[in-house]
Amino acid sequence: MKSNRSILYTLLCLLFLSPVAMASEPDIDEIVNKANLAAYYAGEDGRAEVTMTITDNQKRKRLRQFIILRKDKKDGGEQFFYVYFKKPSDVRKMVFMVHKHLDRDDDRWLYLPALDLVKRIAAADKRTSFVGSNYLYEDVSGRGINEDTHELVKTDDQYYVLKNVPKDPDSVEFSSYTVWIDKKTFLPMKTEYIDKNGQKYRIVEVLETQQIDGHPTVTISKATDLAGGNATTAVFQAIKYDINLKGEIFSERYLRRPPREIRR
Amino acid sequence: MNKTLFAGFICIWLISLHISEADAAGLIDNLYDNYGLEVAGFEELAGGVRLQSDGEEKQISIFDARIRLEATREIGEALLNFKGDLLADGVTETIELQLRELNLIASPLDNMDIKLGRAVFTWGTGDLLFINDTFAKDWQSFFIGRDEEYLKYPGNGIKISFFSDFANLDLIYSPLFEGSRFISGERLSYYNAGAEKIVGRNLQVTTNEPNRWFKDDELHGRLSKNIH
């Protein structure tokens, strides 16, 4: 009798405890959501000075230096990006601006100061190189979380490992990608892309993070093209959050005349 | 223009290439820290030769030695811009000082911007030949292979822009009309209807350029709105 009761109590305990134990590990949608917010939506707005060093397969280096302003219209929702180039001299003072939409293609503009020309750019090609680097436009503005099906393939002490398969395979050059998300910060720390032949062809990884204004922030990251043997290292400096950027900055007026927040 | 003077300029240009990057960077930092001047520039040597002879023009299509200097300075909330080229042109055998930009950009009211001086003005949309851009172009520079930047010819004037949620209004007033630099025969040959043949340097198009300030003036206007 005593042993049966103890077995019953043990079973009851397990029954009550197990949902609590499962609730402490987030489900897949929550992980994906939190990772998206951690990577792209920290704070209401932000400013960073970025230096990209592009190294080709013969170890020759090229530099891209720019200042990026971001404003969130809504967490997880629409955003504005303003990218002002400083180096090299052939892209100096050029401005790239994005109005990111979730329900339709982004609106993109490029301003060429030498011609005083505001150019609208087709947003259809999100998977093309951003200013000649190994980062794609989609890496800069973020890939929609509903574009892929997500599957939690492994959980260890440090990471949630997710495998992601595109819902529209013809729209992308990869067949799937695997991402390692840090359990504490929810920052995607490493992403490996598999091409249509099942080969790993691209890696984007975080080399350094820092806590800035209470937000875990990527300060050094690297994108590598394994097939071409070239890579881009991006260093983020002078990062500021919640600087009260006005929405009107992200307009044609300020393409032609960089706002105060760029110069300082 | 003296061939010796021209050769001298090329020598100076070549020698200046030996200014070390570190020295240049140091000078630029110094100018910024002490005078608030943002300075940049480049040097360019461009050469081109015709593979088929054009009876009306020289065999060399372009021979430029160019030094560009750009400077920007904040004056309070306003911005002063300068962009100038020193160009030694081996085809026309001249040395020219070309002022591309000397203007002040300011925002006297919250919803109003002003650009005053010499600048490149554009409000065409689209790619290279931006069909609906009616401001002055330099077709000669474009067709002899100079950088895309030189397709646009700068103008003098004042640009006033008003911004509102409903629409934006841009107005540009130029006190003296400056036309496009067209193909006149000076560097590229063209078909002359009167002579009924292709002509070049020996029959260049001559023009009577407007020269009465404030009488031969120009007003441009644009009303625009972004519709999603």
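Chain letters run A, B, ... following the sequence lines, proteins first, then strands; residues in each count from 1.
- Inter-residue side-chain proximity for A:Arg260 and B:Glu77 is flagged as met; some heavy-atom pair is nearer than 4.5 Å.
- Other residues, nucleotides and ligands contribute more than 12 heavy atoms inside 6.0 Å of the NZ atom of A:Lys100.
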Under the criterion side-chain contact (heavy atoms from CB on, under 4.5 Å), I'd like the reasoning laid out for B:Tyr150 against A:Leu115: C-alpha separation, chi angles, the key distance, then a yes or no. CA-CA 8 Å; B:Tyr150 298 97; A:Leu115 302 170; over 6 Å; no

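- With a 4.5 Å cut-off on side-chain heavy atoms, A:Asp116 and B:Glu101 do not count as touching.
- B:Asp113 is not listed as a side-chain neighbour of A:Tyr254, based on a closest heavy-atom distance of 4.5 Å or more.
- Dense packing is recorded around NZ of A:Lys167, with more than 12 heavy atoms of other residues, nucleotides or ligands lying under 6.0 Å away.
- Shortest non-hydrogen contact noted between A:Arg257 and B:Ile105 is CD-CG2, 3.5 Å.
- Separation of atoms CG (B:Asn168) and OG (A:Ser251) is listed at 7.5 Å; rounding is to 0.5 Å.
- Using a 4.5 Å cut-off on side-chain heavy atoms (C-beta onward), B:Lys152 and A:Leu117 make no contact.
- Contacts between residues 85-99 of chain A and chain B, counted as heavy-atom pairs separated by less than 4.5 Å, involve A:Arg92, A:Lys93, A:His99.
- Within 6.0 Å of atom CG in B:Asp165, 12 or fewer heavy atoms from other residues, nucleotides or ligands are found, so the atom counts as exposed in its surroundings.
- Looking at A:Arg253, the atoms closer than 4.5 Å to chain B (heavy atoms on both sides) sit in the backbone and in the side chain alike.
- If you measure heavy-atom distances from A:Glu252 to chain B, the contacts under 4.5 Å come from the side chain alone.
- Looking at B:Asp110 and A:Glu248, their side chains never come closer than 4.5 Å, going by heavy atoms from C-beta outward.
- When heavy atoms are compared at a cutoff of 4.5 Å, B:Asp147 does not approach chain A at all.
- Sparse packing is recorded around OH of B:Tyr35, with 12 or fewer heavy atoms of other residues, nucleotides or ligands lying under 6.0 Å away.
- By the neighbour-count criterion of 12 heavy atoms within 6.0 Å, atom NZ of B:Lys225 is densely surrounded, having more than that number from other residues, nucleotides or ligands.
- For A:Lys196, the NZ atom is densely surrounded, since the number of other residues' heavy atoms within 6.0 Å is greater than 12.
- The minimum heavy-atom distance between A:Ala114 and B:Lys83, with the atom names listed, is CA-NZ, 3.8 Å.
- Scored by the ring-ring contact (aromatic ring centres under 6.0 Å, His included) test, A:Phe81 finds no partners at all (sequence neighbours excluded).
- Residue B:Phe163 touches chain A through its side chain alone, counting heavy-atom pairs closer than 4.5 Å.
- Each of B:Pro154, B:Ala119, B:Ser107, B:Ser161 has some count of heavy-atom pairs under 4.5 Å with chain A, and the biggest count is that of B:Ser107.
- With a 6.0 Å radius and a threshold of 12 heavy atoms from other residues, nucleotides or ligands, A:Asn244 has its CG atom at or below the threshold.
- Heavy-atom distances place the side chain of B:Thr72, and not its backbone, under 4.5 Å from chain A.
- The environment of CZ in B:Phe162 is crowded: more than 12 heavy-atom neighbours from other residues, nucleotides or ligands sit within 6.0 Å.
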